[in-house]
Amino acid sequence: MRAKELFAPTLREAPSEAEVVSHKLMLRAGYIRRLASGLYTLMPLAIRVLKKIERIIREEMDGQGGQELLMPIMQPAELWQESGRWDVYGPELFRLKDRHNRDFALGPTHEEIITVLVRGEVSSYKQLPLLLYQIQNKYRDERRPRFGLMRGREFIMKDMYSFDRDEEGLNKSYTQMHKAYTSIFQRCGLNFRVVEADSGAIGGSDTHEFMVLAESGEGTVLFCSRDECGYASNVEKAATVFKADKAAEDLRDLVMLETPGKRTITDVSQYLDVPPQNIIKTLLFETEKEIVAALVRGDREVNETKLLNVLGCLRLELAENETVRTVTGVSAGFAGPVGLKNTRIVADPEAAAIVNGVCGSNREQYHFININPGRDFTMDIIRDIRMVKSGEPCPRCGAELREAKGIEVGQIFKLGDKYSKVLGATYLDESGQSRHMIMGCYGIGVTRTMAASIEQNHDQDGIIWPAAIAPYQTVVIPVSSKDEVQVELAREVYNRLAAAGIEAVLDDRPERAGVKFKDADLIGYPLRITIGAKAVAEHKPEVRVRSTGEVKMVPMENMENQILGILQDL
RNA sequence: CGGGAUGUAGCGCAGUUUGGCUAGCGCGCUUGCCUUGGGAGCAAGAGGCCGGGGGUUCGAGUCCCUCCAUCCCGACCA
């Protein structure tokens with residue numbers, strides 16, 4: 001490709017709409033342009049990267065026995081109604097009507113479609129297992145699209161679905177995918193971690209996320225500081241270790257004390273001279289069916305994902321101040337668990353174990369001291385509902401946990417019979433018995449993976465692509481576009497690279513050297529081959545490695561092999 | 001959806017407080033000269049419904065109302 005013809009308009013300054021590095025660089029280097037919030041055009045450079053990633057994905061999927069297909073983006077509402085997700089999925093589902101006023105959805109995921117397809121076509125155990133996947137646009141009406149390709153409303157996803165006869169088969173498929181995913185992200189040159197996760201709206205039992213480690217990540221992962229242990233989890237899922245340590249002191253009588261204006265844990269702690277660990281924090285949450293009170297220790301935070309799972313509800317929100325007042329009779333800050341009516345109380349084990357503690361009294365400007373859970377109020381559920389922080393013990397081995405930010409690029413789920421049951425996907429086993437297929441699903445955010453790679457691989461000057469997914473491996477730059485000899489040598493190098501199957505761009509634009517260098521760095525070619533006076537004199541093109549800045553003069557004789565060698569070592 | 005901010009040329013911004021004549025700057029773009037190892041220089045140009053609509057006023061980029069769009073924080077999210 002000649003740079004004169006390459007449609008990659010670069011910008012000196014990043015548009016103000018961009019906040020994170022990958023977004024800024026993709027705009028500046030001419031990879032993407034925004035059409036509307038969360039909607040982007042992928043330009044030629046981006047498409048090349050995308051195809052590289054897709055190719056790696058296809059190879060690994062096919063390698064595990066996957067078969068590619070393509071399902072419609074537009075899906076009839078009936079299927080979603082049949083699975084129950086038309087109502088459950090919420091406003092994130094893009095909905096539209098056709099001219100006959102029939103309801104449709106733009107697929108955010110394809111469990112319904114694939115299950116119905118397989119339901120119709122597979123009826124015998126002999127046809128299983130089946131691994132089907134597609135790479136296709138997905139639609140989610142995000143409440144808040146952001147960070148460019150990282151969280152768009154339209155994005156490209158690889159989704160695979162496995163159909164097995166039983167749990168054992170599912171476990172095998174799941175393990176295969178775990179392996180394939182690891183290989184995919186390794187080949188993409190990403191530094192990632194596999195973590196235990198929550199399954200959210202997709203449902204099912206086991207699930208793991210593949211998180212690319214990056215400061216800009218929207219997710220938080222916790223992992224064990226002992227490498228041999230290997231425990232790693234999304235913070236949403238990370239289990240706490242509860243130990244009832246101190247010997248219980250005698251229970252003292254409950255007393256109500258005036259605590260004027262002391263609403264926060266810090267205020268109350270200082271005012272009453274009680275450590276936050278001995279205060280019960282009471283938070284009211286509203287779900288689609290009830291109001292509940294969640295109790296955690298004063299120095300802890302509620303983990304809403306855990307709470308949602310404990311309650312088995314679909315929606316969970318911190319209650320509005322108005323609601324708090326209606327339920328408890330006081331404003332937030334003085335609410336407590338004593339005397340609550342028609343409100344279930346969910347306590348974290350740590351909160352439940354507090355002895356002679358402090359909590360809100362449900363009387364304005366008063367707190368209780370010497371509160372004792374169980375004696376002074378009853379708890380409906382005692383379960384782990386709090387956030388884990390770095391520094392806490394690993395639930396598997398007890399060593400210290402560390403924390404990191406990550407971008408979720410893939411997630412794998414054991415769905416079990418969740419969809420096959422509601423949609424009636426069955427097969428006949430050897431004994432002629434009808435059984436539900438056991439399913440798994442496995443997603444990779446392809447466009448997000450591209451963005452994640454940039455988050456992890458860049459410097460002040462621009463993108464530094466891993467060779468495996470770079471849009472082109474090399475750029476050939478004649479320093480002076482007016483110097484016939486340089487231009488001629490550059491052309492020769494370019495032609496020979498092309499003949500050797502090495503992707504190259506020839507920067508034949510009549511620009512000054514600096515401009516071409518800057519663009520090369522910005523776009524992120526792994527290798528830059530400069531043809532200047534020195535290269536001409538010695539007949540040795542100068543090869544510069546983008547990631548290290550290392551420069552090497554390469555004789556023309558076996559140039560191709562040397563360059564291939566350098567690329568391989570990257 | 002709640003809070004905050006911003007919309008002026010392709011991109012980055014000034015001008016809006018205190019209304020005033022043909023709306024500016026840098027980059028980019030076009031043409032010419034010159035230059036060619038890290039976003040050169042000179043000269044001449046092109047490019048604007050000042051986000052849309054409504055109002056106040058002799059006069060609105062500037063004031064008022066309203067709508068829209070975009071971004072940030074939060075809530076939310078395979």
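All figures in this text were calculated on a predicted structure; none of them were measured in a lab. Every chain is numbered from 1, with letters handed out A, B, ... down the list of sequences.
- The residue A:Asp519 sits close to a base: some heavy atom pair falls under 4.0 Å.
- Closest to the side chain of A:Glu92, from the set B:rG39, B:rC71, B:rC77, is B:rC77.
- Across all strands shown, B:rG41 pairs with B:rC33; the Watson-Crick or G-U wobble distances both stay below 3.5 Å.
- Across all strands, A:Ala18 comes closer than 4.0 Å to no nucleic acid atom at all (heavy-atom distances).
- For the P atom pair drawn from B:rU8 and B:rC50, the interatomic distance equals 11 Å after rounding to whole Å.
- Protein atom CD of A:Glu218 is 13 Å distant from nucleotide atom C1' of B:rA75, rounded to whole Å.
- Comparing B:rA9 with B:rG26, their P atoms sit 16 Å apart, to the nearest whole Å.
- To the nearest angstrom, C1' of B:rA5 lies 15 Å from CD of A:Glu17.
- Each of A:Gly410 and A:Ser480 was matched to the nucleotide of RNA chain B holding its nearest heavy atom; the match closer to the 5' end belongs to A:Ser480.
- Set against B:rU36, B:rC72, B:rA40, the side chain of A:Ser481 has B:rU36 as its closest nucleotide.
- With both pairing distances under 3.5 Å, B:rG47 is matched to nothing as a Watson-Crick or G-U wobble pair.
- The nearest whole Å value for the distance from the NZ atom in A:Lys24 to the C1' atom in B:rG12 is 13 Å.
- Taking atom CG on A:Leu35 and atom C1' on B:rU70, their separation rounds to 13 Å, with Å as the unit.
- Contact check for A:Phe147 versus A:His23: no side-chain heavy atoms found under the 4.5 Å cut-off.
- In this structure, B:rC25 and B:rG12 make a Watson-Crick or G-U wobble pair, each of the two defining distances being under 3.5 angstrom.
- Comparing the C1' positions of B:rA14 and B:rG52 gives an interatomic distance of 24 Å, to the nearest angstrom.
- With both ends at atom C1', the span from B:rC72 to B:rU62 equals 26 Å, rounded to whole Å.
- The aromatic rings of A:Phe94 and A:Tyr139 lie perpendicular to each other, with more than 60° between the two planes, well past the 30° mark.
- Straight-line distance from the CG atom of A:Asp461 to the C1' atom of B:rG38: 9 Å, rounded to whole Å.
- Spacing between B:rG7 and B:rC11 at atom P, rounded to whole Å, works out to 14 Å.
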Base versus backbone protein contacts along nucleotides 24-35 of chain B [heavy-atom cut-off under 4.0 Å; B, S, -]: --BSS------B
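- Per the geometry, CD belonging to A:Glu484 stands 15 Å off P belonging to B:rU36, to the nearest Å.
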Candidate pair A:Arg509 and A:Asp519, rule salt bridge (Lys or Arg N to Asp or Glu O under 4.0 Å), full reasoning: CA-CA 11 Å; A:Arg509 297 174 301 167; A:Asp519 274 350; 3.0 Å; yes
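- A donor N or O paired with an acceptor N or O is found under 3.5 Å between the base of B:rG38 and the side-chain atoms of A:Arg528.
- The residue A:Glu542 sits close to a base: some heavy atom pair falls under 4.0 Å.
- In this entry B:rU57 has no Watson-Crick or G-U wobble partner, no candidate having both defining distances under 3.5 Å.
- A gap of 15 Å separates the C1' atoms of B:rC29 and B:rG48, to the nearest Å.
- Looking at A:Asp521, its side chain comes within 3.5 Å of the base of B:rG38 through a donor and an acceptor atom.
- Between A:Trp465 and A:Tyr31, the ring-plane angle classifies as tilted under the 30° and 60° cut-offs.
- With a cut-off of 3.5 Å on both pairing distances, the Watson-Crick or G-U wobble partner of B:rG74 is B:rC1.
- Distance A:Arg143 CZ to B:rC73 C1': 15 Å, rounded to the nearest Å.
- When the nucleotides B:rC11, B:rC77, B:rU70 are ranked by their closest atom to the side chain of A:Arg34, B:rU70 comes out on top.
- Within the 4.5 Å cutoff, side-chain heavy atoms of A:Leu318 are placed close to those of A:Phe285.
- Taking side-chain N and O atoms only, A:Arg146 has a distance below 4.0 Å to OP1 or OP2 of B:rC73.
- Using a 4.0 Å heavy-atom cutoff across all strands shown, A:Thr109 reaches no nucleic acid atom at all.
- Nucleic acid contact class of A:Arg153 (heavy atoms, under 4.0 Å, all strands): none.
- Residue-to-nucleotide proximity on RNA chain B shows that, of A:Glu317 and A:Lys534, the 5′-proximal contact is made by A:Lys534.
- Taking only side-chain nitrogens and oxygens, A:Ser16 comes nearer than 4.0 Å to OP1 or OP2 of B:rC13.
- The existence of a salt bridge linking A:Lys414 and A:Glu167 is excluded, since no basic side-chain nitrogen approaches an acidic carboxylate oxygen closer than 4.0 Å.
- Between A:Phe185 and A:Phe210, the ring planes are tilted. Angles from 30° to 60° get that label.
- In this structure, B:rU6 forms a base pair with B:rA69, meeting either the Watson-Crick or the G-U wobble geometry with both donor-acceptor distances under 3.5 Å.
- Taking only side-chain atoms of A:Arg144, from C-beta outward, the nucleotide of B:rC73, B:rC76, B:rC71 with the closest atom is B:rC73.
- Put simply, A:Ser37 has no side-chain N or O that comes within less than 4.0 Å of OP1 or OP2 on B:rA69.
- More than 12 heavy atoms of other shown residues, nucleotides or ligands fall within 6.0 angstrom of atom CD in A:Glu290.
- Looking at A:Leu131 and A:Gln67, their side chains never come closer than 4.5 Å, going by heavy atoms from C-beta outward.
- Here, B:rC58 and B:rC68 have their C1' atoms 31 Å apart, quoted to the whole Å.
- Residue A:Pro15 has its side chain nearest to B:rC11 when only B:rU36, B:rC11, B:rC77 are considered.
- Rounded to whole Å, atom P of B:rU36 lies 19 Å from atom CZ of A:Arg509.
- Using a 4.0 Å heavy-atom cutoff across all strands shown, A:Leu93 reaches no nucleic acid atom at all.
- Between A:Tyr442 and A:Tyr181, the ring planes are perpendicular. Angles over 60° get that label, and only those under 30° would be called parallel.
- Across all strands, A:Phe155 comes closer than 4.0 Å to base atoms (heavy-atom distances).
- Going from the P atom of B:rG54 to that of B:rG47 covers 27 Å, rounded to whole Å.
- Put simply, the side chain of A:Glu112 reaches to within 4.5 Å of the side chain of A:Trp80, judged on heavy atoms.
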